[in-house]
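In this chain, residues are counted from 1 in sequence order.
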Amino acid sequence: MSTATRTRGESYAAWVAKAAKQPMALEAVDLGPLGAEDVEVAVEHCGVCHSDLSILNNEWAISQYPAILGHEVVGRVTAVAPNAKRLTVGQRVGVGWFSGSCMHCRQCMSGSHHLCPEVQPTIIGHRGGFATHIRSHWAWVFPLPESLNFADAGPLLCGGITVFAPLIMYAKPIDRVGIIGIGGLGHMAVKFAAACGYDVTAFTASESQFDEAKGFGAHHAVSTKDSAAVRKLAGHFDLLISTVDAKLDWDAMIGTLAPNGRLHLVGAVLEPIPVAAFSLILQQRSVSGSPTGSPVAIETMLDLASRHNISPQTEHFPMSKINDAFARLEAGKAHYRIVLDADF
Ligand SMILES: [Zn+2]
Ligand SMILES: [Zn+2]
């Protein structure tokens, strides 16, 4: 066991959002005593995920201010509480969308901690990673494989697992998989899907992205706006993963599913998706969704990423430019994920 060497309140700082849609400001933070099962991590890099922006702007009406955002953390362990397991001071680790769960409910006991009714999102009612330090329950602090590209690994811990989990839940290596939307999430989905050996089609709204999508490993690229090309793919896909948050011709997309095919949603499209019962019933198709993934799925994803050198495509900003980085994300200019490098 190791304990914190810091005294309470000393030299902890964070970028704090005081209210919705306001710029974040650097402030000293008092983290208080370390929880008995918690681990403290000095943040080195933290990705900016679209959900950080959604929480900053209170788009889902669940934000709690003051908020410390950031949930794609890469850093080093600085303190391990007496009842925390398996981690040691100095170890390189990651923390993602969740940073705690009850550890005793049916979901936690069966390995699906991410479905725990008491699961703790890292940036809602908890201090996130745009800070000198973050704290998390030990089960949600992930040792990073040595060969991983640490500076760019942050986005794997939220965006990466979000698209990896449905791939390993639902696709077999012989399957045809379509990824809808080639942005922050979608480009990682293409990279994972290609590494897993599926036949991969990238659906994007812009034909100018075709070459880049193929560079990420897609075998085919199709424009979601080309309804003739989409219709031509009728009955084709075993799994479609949608990462978009905008309205699509959902009926046409479901029509591209093979018998037993599945449309799986990870993009938070706020408008309801109309589904005709017969298009599911006759071909035994399904529509589903999932949040991030379990701790074991996250470790499996990190292992695969290190073995296949899968890194998100990133742009780096010093953390002191956090408000500029958020403005760039909000303007839709991020190429493809933004990572902030700690510079306190
Ligand atoms: Zn995220
Ligand atoms: Zn639980």
- Applying side-chain contact (heavy atoms from CB on, under 4.5 Å), run through R285 and S279 and close with a yes or a no. CA-CA 7 Å; R285 293 159 168 157; S279 77; 4.1 Å; yes
For [Y], does its backbone N or O pair with a side-chain atom of [X] as donor and acceptor, under 3.5 Å?
{"X": "H187", "Y": "G184", "answer": "yes"}
{"X": "N58", "Y": "I55", "answer": "no"}
{"X": "S306", "Y": "S147", "answer": "no"}
{"X": "N57", "Y": "E59", "answer": "no"}
{"X": "S51", "Y": "S54", "answer": "no"}
{"X": "Y65", "Y": "L56", "answer": "yes"}
{"X": "D38", "Y": "R135", "answer": "no"}
{"X": "S112", "Y": "H114", "answer": "no"}
{"X": "N323", "Y": "M24", "answer": "yes"}
{"X": "Q283", "Y": "L280", "answer": "no"}

Joint hydrophobic cluster, [X] plus [Y], side-chain heavy atoms closer than 4.5 Å:
{"X": "I168", "Y": "L302", "result": "yes"}
{"X": "F203", "Y": "V190", "result": "no"}
{"X": "L115", "Y": "I161", "result": "no"}
{"X": "V287", "Y": "M169", "result": "no"}
{"X": "L144", "Y": "V89", "result": "yes"}

From [X] atom [atom1] to [Y] atom [atom2], the distance as rounded to the nearest 0.5 Å:
{"X": "L185", "Y": "I179", "atom1": "CG", "atom2": "CD1", "result": "10.5 Å"}
{"X": "E315", "Y": "L329", "atom1": "CD", "atom2": "CG", "result": "10.0 Å"}
{"X": "T292", "Y": "I298", "atom1": "OG1", "atom2": "CD1", "result": "6.0 Å"}
{"X": "T204", "Y": "K225", "atom1": "OG1", "atom2": "NZ", "result": "8.5 Å"}
{"X": "K191", "Y": "L304", "atom1": "NZ", "atom2": "CG", "result": "12.5 Å"}
{"X": "E330", "Y": "F326", "atom1": "CD", "atom2": "CZ", "result": "9.5 Å"}

Quick one: do the [X] and [Y] side chains pair a donor with an acceptor below 3.5 Å?
{"X": "H45", "Y": "D152", "result": "no"}
{"X": "R176", "Y": "T201", "result": "no"}
{"X": "S288", "Y": "S286", "result": "no"}

Compare every heavy atom of [Y] with every heavy atom of [X], then report the nearest pair and how far apart it is.
{"X": "A325", "Y": "L340", "answer": "CB-CD2, 3.7 Å"}
{"X": "G94", "Y": "L157", "answer": "CA-CD1, 3.6 Å"}
{"X": "I182", "Y": "A202", "answer": "CD1-CB, 3.6 Å"}
{"X": "T88", "Y": "Q91", "answer": "N-OE1, 2.9 Å"}
{"X": "W97", "Y": "C158", "answer": "CB-SG, 4.1 Å"}
{"X": "A139", "Y": "R86", "answer": "O-NH2, 4.2 Å"}

I want to check something: taking the side chain as every heavy atom from C-beta on, are [X] and [Y] in contact at a cut-off of under 4.5 Å?
{"X": "P155", "Y": "C49", "answer": "no"}
{"X": "E299", "Y": "F142", "answer": "yes"}
{"X": "V177", "Y": "D199", "answer": "no"}
{"X": "E118", "Y": "Q107", "answer": "no"}
{"X": "D238", "Y": "N260", "answer": "no"}
{"X": "V230", "Y": "M253", "answer": "yes"}
{"X": "W138", "Y": "V80", "answer": "no"}
{"X": "F237", "Y": "R262", "answer": "no"}

- Out of V95, V141, I68, which residue meets the side chain to side chain contact (heavy atoms under 4.5 Å, CB included) rule with I134?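 Among V95, V141, I68, the one meeting side chain to side chain contact (heavy atoms under 4.5 Å, CB included) with I134 is V95.
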Ion pair [X]/[Y], N-O distance below 4.0 Å:
{"X": "R76", "Y": "E40", "answer": "no"}
{"X": "R328", "Y": "D324", "answer": "no"}
{"X": "R337", "Y": "E72", "answer": "yes"}

- Task: Report the C-alpha separation of E37 and K85 in whole Å, then their side-chain angles, then the decisive distance to 0.1 Å, and conclude whether the salt bridge (Lys or Arg N to Asp or Glu O under 4.0 Å) test is met.
- Result: CA-CA 8 Å; E37 297 184 18; K85 310 279 191 268; over 6 Å; no
- Message: Apply side-chain contact (heavy atoms from CB on, under 4.5 Å) to residues T78 and V41 and explain how you reach the verdict.
- Response: CA-CA 5 Å; T78 48; V41 177; 5.7 Å; no
- Message: Looking at Y12, I'd like to know if the NZ or CZ of R127 sits under 6.0 Å from its six-membered ring centre while staying within 45 degrees of the ring's axis.
- Response: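 Checked: cation-pi criterion not met.
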Please table the atom pairs, donor to acceptor, closer than 3.5 Å between any side-chain atom in residues 240-252 and protein atoms at least two apart or in another chain.
residue: T243; atom: OG1; partner: I180; partner atom: O; Å: 2.8
residue: T243; atom: OG1; partner: G181; partner atom: O; Å: 2.9
residue: D249; atom: OD1; partner: A252; partner atom: N; Å: 3.2

- Task: For Y170, enumerate each residue passing the ring pair (Phe, Tyr, Trp, His ring centres under 6.0 Å) test, keeping only those at least two apart in sequence or located in another chain.
- Result: H264
- Item | Neighbour count >12 (heavy atoms, 6.0 Å) for atom CE, M109 |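 Incorrect, the count does not exceed 12.
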- Message: Heavy-atom count check: over 12 atoms from other residues, nucleotides or ligands less than 6.0 Å from D211 CG?
- Response: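 Atom CG in D211 is not packed in, count stays at 12 or less.
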- Query: Are S101 and M103 close enough, and set up right, to give a side-chain contact (heavy atoms from CB on, under 4.5 Å), and what steps lead you there?
  - Reply: CA-CA 6 Å; S101 50; M103 305 299 284; 3.8 Å; yes
- Message: Quick one, F216 with F192, criterion ring pair (Phe, Tyr, Trp, His ring centres under 6.0 Å). Give me CA distance, side-chain angles, the key distance, then yes/no.
- Response: CA-CA 9 Å; F216 297 140; F192 279 123; over 10 Å; no
- Output, in order, the C-alpha distance, side-chain angles, deciding distance and verdict of side-chain contact (heavy atoms from CB on, under 4.5 Å) for F130 and M319. CA-CA 7 Å; F130 298 141; M319 205 172 280; 4.2 Å; yes
